[in-house]
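A, B, ... follow the sequence lines: proteins, then strands. Residue 1 opens every chain.
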Amino acid sequence: MIRVRFAPSPTGYLHVGGARTALFDWLFARKNGGKFVLRIEDTDTQRSTKESERSIIEDLKWCGLDWDEGPDVGGEFGPYRQSDRVKFEMYDEPLNELLKSKKAYHAIYEIDDPKKMIKKTYSGSEAKEYRKKGHSVTVNFKISKGKTVFEDIAKGKMEFDNSTFDDLVIVKSNGYPTYNFAVVVDDHLMQISHVVRGEDHLTNTPKQIMIYEALGWELPKFMHIPLILGPDGTPLSKRHGGTSVDHFRAHGIMSKAFVNYLALLGWGIEAEIFNPIKRINDFRLENISPKPVIFDYAKLEWMNGQHMRKMPIEILVKEFREWSQKYSLSSLKWFEEASYTENVFEICRQKVNDLMILRDFAEPFFDGELNFDEKAKNILDSSHSQLYLSSALTAIKDIHDWSVEKVEKAIRTVAEKEEISKKKFFQILRVAVLGKTVTPGLFESIYVLGRERTVLRIENVLNGKEI
RNA sequence: GCCCUCAUCGUCUAGUGGUCUAGGACACCGGCCUUUCACGCCGGCGGCUGGGGUUCGAAUCCCCAUGAGGGCGCCA
């Protein structure tokens, strides 16, 4: 049985690198009919927060991932939060075994200097005495002599000389297990068969393997996937434009496109726009590129646009509604007329690549005051604009059989009759009707807006203070 | 400093000893379309990090150098 896990620490938002790792874990589990488990590694009592755990879970779900076992869904190997596992004393037995076999020892530190070790002891009672006197005491794992060798699925044979490692703290002075100890115990108890994680854990692996061996436990298979870097080749950070999944969500990237892009980063698949979930059968861990990848914001944006234009319009509207509600960007009155909304989105989606810009394009189509910016005001103030607009108004009122073609014909006719350049005339009309200089196609816009709204808007401009 | 990993256009990649004067996508540049902005279409620019080997033949195999990333926490 293949069992993989994603084990984030709830100390911040879900990072795009984490999301990609989780995606690959998930893909691997699903491809092989295995189990995907979510485990929360919150042994850092200072930095872990419930809010962070909540948002990580939400973002993972947003990415379309689901798990068979986890803190929210339970499972037979629970609990799935390390702090809970501490409460259940799940780390005590292996710890005592290491102590008993003298593969780990209590380290006693100077009272005023918790960095300076003054004594090692195997006696638990002696350690207790020191603790009572105010010393910090940790349990450290003894690194043995020799070499540690393992096979990494991506990188092949890995060999480490144990002398390059120092003894490692496995239980902190506050009693909590450290990462390197907790992962080993949990992965073993949860019967994880494949540890697929970020490359930042590569050199932790030999340390963990030594613990597995000291406990006489069977090793899982390991695979380390490369990290994601920013456009300048340094680790992806806020200064590059955002690193969290939430950042991209907030900026109007859609789940489908985001996951598509993450999958493309490193997955040697002969496709560009695709749904990773539908390509599970083509997924192989061995195909994942072994080199660090640079996150390309522009390509993600392009990909988002591709998905926006390809998806059924009602899905787009639904995604937009969820997005705007989550980020409190608009009210529900926008969506009262479903078919009108779909028509608006249909003409807007042709020209934008993310939900944020889609919102800018769609906004003027919905009821409310038009906000004319400087550029728009200048166009409305240009000579004879009033005259042109009243001609357009008359023409629009006279159109029979409202259609895009009829609208176009009527407007072009006015331009010819008034002997004004189409470019100029169309801009005046565009601004009068939508308040902006950049909009979807003019004729489509007027058609979608409908005669009533169009007429009203032109009349508002003609009667307004603008002119 | 020590240890580990990686190395094809600016970016993501195809390529696994001859079919490579290295293919695709994004970006960029130019053109077309055109009512704005885009989308779309067409075209262009652009790469095997360097040096040694192995071989009749190397982007592909080996070694060294260089560069980049990671690790060396009572963080994970």
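Residue Pro235(A) is in sugar-phosphate contact alone, with no base atom involved, counting any heavy-atom pair closer than 4.0 Å across all strands shown. Across all strands shown, Phe160(A) has heavy atoms under 4.0 Å from sugar-phosphate atoms exclusively, and none from any base. Base engagement by Pro114(A) is indicated by at least one non-hydrogen atom pair under 4.0 Å involving a base atom. If you check every strand for non-hydrogen atoms under 4.0 Å, Arg309(A) touches sugar and phosphate atoms only. Nucleic acid contact class of Ser136(A) (heavy atoms, under 4.0 Å, all strands): base. Contact annotation for Thr164(A): backbone-only contact, meaning every heavy-atom pair under 4.0 Å involves sugar-phosphate atoms and none involves a base. Gly198(A) comes within contact range of no nucleotide atom at all, as no heavy-atom separation falls under 4.0 Å.
Asp200(A) has its CG atom 15 Å from the P atom of G73(B), to the nearest Å. At whole-Å resolution of the value, CD in Glu272(A) and C1' in G23(B) are 13 Å apart. Atom NE2 in His201(A) sits about 15 Å away from atom P in C75(B), given to the nearest Å. At whole-Å resolution of the value, CD in Glu444(A) and C1' in A38(B) are 12 Å apart. What separates CG of Leu236(A) from P of C12(B) is a distance of 13 Å, to the nearest Å. Rounded to whole angstrom, the span from the CG atom of Asn162(A) across to the C1' atom of C2(B) amounts to 15 Å. The distance between atom CD of Gln306(A) and atom P of G40(B), rounded to the nearest whole Å, is 5 Å. G10(B) atom C1' lies 13 Å from atom NZ of Lys299(A), rounded to whole Å.
Among U35(B), C26(B), C74(B), the nucleotide with an atom closest to any side-chain atom of Phe426(A) is U35(B). Here the side chain of Val293(A) is nearest to one of U35(B), C75(B), U13(B), namely U13(B). Picking from C12(B), G70(B), C75(B) the nucleotide with the shortest atom distance to the side chain of Ile294(A) gives C12(B). For Pro292(A), the side-chain atoms get nearest to C6(B) when compared with the rest of C75(B), U36(B), C6(B). With C75(B), C74(B), U36(B) as the candidates, the nucleotide lying closest to the side chain of Thr439(A) is U36(B). Of the candidates C3(B), G69(B), A76(B), the closest approach to any side-chain atom of Thr203(A) belongs to C3(B). Here U5(B) is the nucleotide among C74(B), U5(B), U36(B) with the atom lying nearest to any side-chain atom of Leu202(A). In the set U35(B), G69(B), A76(B), G69(B) carries the atom at the smallest distance from any side-chain atom of Thr234(A). The side chain of Lys423(A) sits closest to U36(B) out of U36(B), G69(B), A27(B). You'll find that the side chain of Met158(A) is closest to C4(B), out of C4(B), A76(B), A25(B).
Both tests hold for Lys133(A) against Tyr130(A): distance to the six-membered ring centre under 6.0 Å, angle to the ring axis within 45°. Cation-pi geometry between Lys120(A) and Tyr105(A) is met: the NZ or CZ atom falls under 6.0 Å from the ring centre, inside 45° of the normal.
At a cut-off of 3.5 angstrom, counting only N and O atoms as typed in the model, there is no donor on one side facing an acceptor on the other between the side-chain of Thr138(A) and the base of C74(B).
One finds a side-chain N or O of Lys172(A) lying less than 4.0 angstrom from the OP1 or OP2 phosphate oxygen of A76(B). Put simply, Thr178(A) has no side-chain N or O that comes within less than 4.0 Å of OP1 or OP2 on A76(B). Contact annotation: Lys375(A) side-chain N/O to U36(B) OP1/OP2 distance is not under 4.0 Å. Between Thr43(A) and A76(B), a side-chain N or O to OP1/OP2 separation shorter than 4.0 Å is present.
Look at the C1' atom in both A25(B) and C6(B): the space between them is 23 Å, to the nearest Å. Comparing the P positions of U16(B) and C26(B) gives a spacing of 24 Å, expressed to the nearest Å. For the P atom pair drawn from A58(B) and G18(B), the interatomic distance equals 12 Å after rounding to whole Å. The C1' atoms of G44(B) and G1(B) are separated by 49 Å, rounded to the nearest whole Å.
Taking the nucleotide of RNA chain B with the nearest heavy atom to each of Asp42(A) and Lys155(A), the more 5' of the two is matched to Lys155(A). Positionally, the nearest nucleotide of RNA chain B for Phe361(A) lies more toward the 5' end than for the other of Tyr109(A) and Phe361(A).
Using cut-offs of 30° and 60° on the angle between ring planes, the pair Trp402(A) and Tyr447(A) is parallel. Classified by interplanar angle (parallel below 30°, tilted 30° to 60°, perpendicular above 60°), the ring pair His247(A)/His251(A) is tilted.
For Lys155(A), the side chain to side chain donor-acceptor pair (under 3.5 Å) partners two or more places apart in sequence, or in a different chain, are Glu199(A).
Using Watson-Crick or G-U wobble geometry with both donor-acceptor distances under 3.5 Å, C61(B) finds its partner in G53(B).
Between the side chains of Asp72(A) and Trp67(A), a donor-acceptor pair is found at a separation under 3.5 Å.
Aromatic pair Phe248(A)/Phe295(A): ring centres closer than 6.0 Å.
Side-chain atoms of Arg85(A) come within 3.5 Å of backbone atoms of Pro79(A) as a donor-acceptor pair (strictly under, hydrogens ignored).
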